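Here the structure comes first, spelled out in structure tokens, and everything after it is commentary.
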Amino acid sequence: MNAPVHHQTLVTPAHPKALASGQFKVTARDVDVYYGEKQAIKDLSIDIPDRSVSAFIGPSGCGKSTFLRCINRMNDTIPTCRVTGDIKVDGNDIYDPNIDVVQLRAKVGMVFQKPNPFPKSIYENVAYGPRIHGLATNKTELDEIVEKSLRKAGLWEEVKDRLQHPGTGLSGGQQQRLCIARAIAVNPEVILMDEPCSALDPIATARIEELIDELRQNYCIVIVTHSMQQAARVSQLTAFFHLGTLVEYGDTDEMFTAPQEKRTQDYITGRFG
Amino acid sequence: MSDHIVKSYDEDLSQLKTMLAQMGGLVEQQLDDAIDALTRRDTALADRVIQNDERVDVLEHQIEEKAILTIAKRQPVARDLREIMVAIRMASDLERMGDLAKNTAKRTHAMSDQLPRKLTAGVTRMGRLAQVELKNILDAYSRSDAEMAMEVWRSDEELDALYNSIFRELLTYMMEDPRNISICTHLLFAAKNMERIGDHATNIAENIHYLVNGKPLGEGRPKKDVTSAMRIGLEETDDR
């Protein structure tokens, strides 16, 4: 089988940009994930820098989404799922039994493959999170949060006159931006995106990509994508997963021009088989 | 390297390589004919070289088109992308080599039949060396052999050194008899053409290195052509 990725290969010479930033937002050490008997992630270690976009790529079933979902403990909802090893956000162990998972998921937000707005108004979709987390003391403050979040998500101008309309009435791309606004509204620090554009047309995809590029000024973004070109376009770092292992994690520019691992090369050039 | 899942992608890339091999072969022939024409003062052969240059140009355009189309269709990355970039650059180097062969052939017309053989001997020697470089670099490309490419890259020093001595030699002939000046100037340009062909071969060598290793060649090539600062003037001859 494949050799496990050792720690010394994590910060390879291939990714000086991550080194230069010096600081890592998310760190994982020796992570194993099982679904029942089946091992989905094998001995994975990674350091993800803040204020950058890291793209996870790899064939279906390689473990990239599984690992993404570990970062905000979304896998807790799967009864047979077992996670071992260390995953830290800002140096805090997120699998510590004392941690408040609801708080964690506010700090580590998530955007899914299919836009999934609540069956409520556009306003309520964004206001819901801040309200339950007690981020606003009155209506004016809540209005401000909603506007700010929608602006950051690049959706404000399109929806400001119909905030009370149902979120599900928006186009697919608008719905996805609404979901991003909803994630942003609770002041996250990390945003996880699981194939956020796979259900969108090229124009809506371009808008989301532009948005991701803006958001990285303030957030640590991790995106799972099946589109290699998207990974090349939006990310600064790319991680290639295969058969549950992290094969290579490095500077995106280098990954797409001269990857170090043959398996990475074969995958991104469409030679896997 | 293993095959692409999409077979037609492999065909695109192999077609590109085939076209380059074809273009390389044509340039080799052109260079060989140009040197022969000059050496034998064969103006008919020279004219054929001049005419055939268009075929080289056409091939360059075809390669460029194929490369651009492949980029548009496949969005190549990593080694595939380097293959295509190198093909474009190499086609342009080969096209320049073709031009230099043509220019050399043109100068055949300026040579008179009574030209002493010793005058052209040096240029012929350079031509043969340039031919070897071209042949080896084309082999290195078709085998994707970076080490072989580096040998060509290093061997170009020899051609530079030969050029320096021919430069000196031709200047001496010109000083001996001003009636030689016209012909020797043509021969000087022809020699310079051969030296430039060697330089293009080293460009291709650098591209093969990049293709195989994914990194540009770091060190600069030791340039041994010193003629740009060379003087054989009156003051020197006076000293003798």
Side-chain angles (χ1 to χ4, degrees), chain A residues 2 9 12-17 53 55-62 197-198 202 205-206 209 223 225-243 247-273, chain B residues 1-18 20 66-90 140-141 143-147 149-150 203-219:
Chain A
N2 303 301
T9 65
T12 60
H15 85 237
K17 281 177 195 164
V53 180
F56 289 0
I57 59 168
S60 295
C62 67
C197 300
S198 61
T205 299
E209 287 180 2
I223 177 172
T225 176
H226 271 134
S227 161
M228 234 84 68
Q229 293 302 318
Q230 179 168 64
R233 286 190 301 258
V234 302
S235 72
Q236 288 73 54
L237 292 158
T238 298
F240 171 58
F241 288 72
H242 185 226
L243 300 173
V247 175
E248 186 170 355
Y249 179 48
D251 192 43
T252 296
D253 293 350
E254 201 149 321
M255 289 280 269
F256 284 94
T257 51
Q260 304 200 332
E261 295 283 332
K262 185 177 181 303
R263 276 182 291 166
T264 315
Q265 164 109 336
D266 284 350
Y267 179 67
I268 64 173
T269 57
R271 284 187 165 88
F272 243 47
Chain B
M1 183 169 267
S2 55
D3 291 345
H4 285 97
I5 297 163
V6 180
K7 283 195 194 64
S8 55
Y9 193 171
D10 285 328
E11 282 160 23
D12 284 345
L13 291 178
S14 72
Q15 260 182 40
L16 212 46
K17 272 205 114 135
T18 309
L20 268 162
K66 180 78 192 163
I68 285 170
L69 193 64
T70 308
I71 292 172
K73 275 202 300 195
R74 314 282 181 195
Q75 281 112 52
V77 293
R79 170 116 187 195
D80 296 337
L81 180 58
R82 301 201 300 272
E83 287 276 3
I84 294 172
M85 292 314 296
V86 166
I88 296 173
R89 290 189 200 150
M90 190 166 155
Y141 174 70
R143 293 182 211 162
S144 297
D145 186 338
E147 203 26 65
M150 283 303 97
N203 280 353
I204 295 174
E206 286 167 20
N207 280 314
I208 294 170
H209 174 91
Y210 171 68
L211 169 66
V212 174
N213 299 307
K215 286 189 274 284
L217 190 66
E219 49 187 318

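Protein chains get the first letters and strands the later ones, always in sequence-line order, with residue 1 at the start of each. Remember, predicted model here, so these are calculated numbers, not experimental data. Side-chain atoms are counted along with the backbone in the values below, which use heavy atoms only and exclude waters and symmetry mates.
In terms of heavy-atom proximity, A:A258 sits nearest to B:G214 at CB-O, 3.7 Å.
Rounding to the nearest 0.5 Å gives a distance of 4.5 Å between NE2 of B:H4 and OG1 of A:T269. Rounding to the nearest 0.5 Å places CZ of A:R271 at 7.5 Å from CG of B:D3. How far CD of A:E254 is from NZ of B:K215: 7.0 Å, rounded to the nearest 0.5 Å.
Under a 3.5 Å cut-off, the side chain of B:R82 and the backbone N or O of A:T257 do form a donor-acceptor pair.
B:V77 places none of its side-chain heavy atoms less than 4.5 Å from the side chain of A:Q265.
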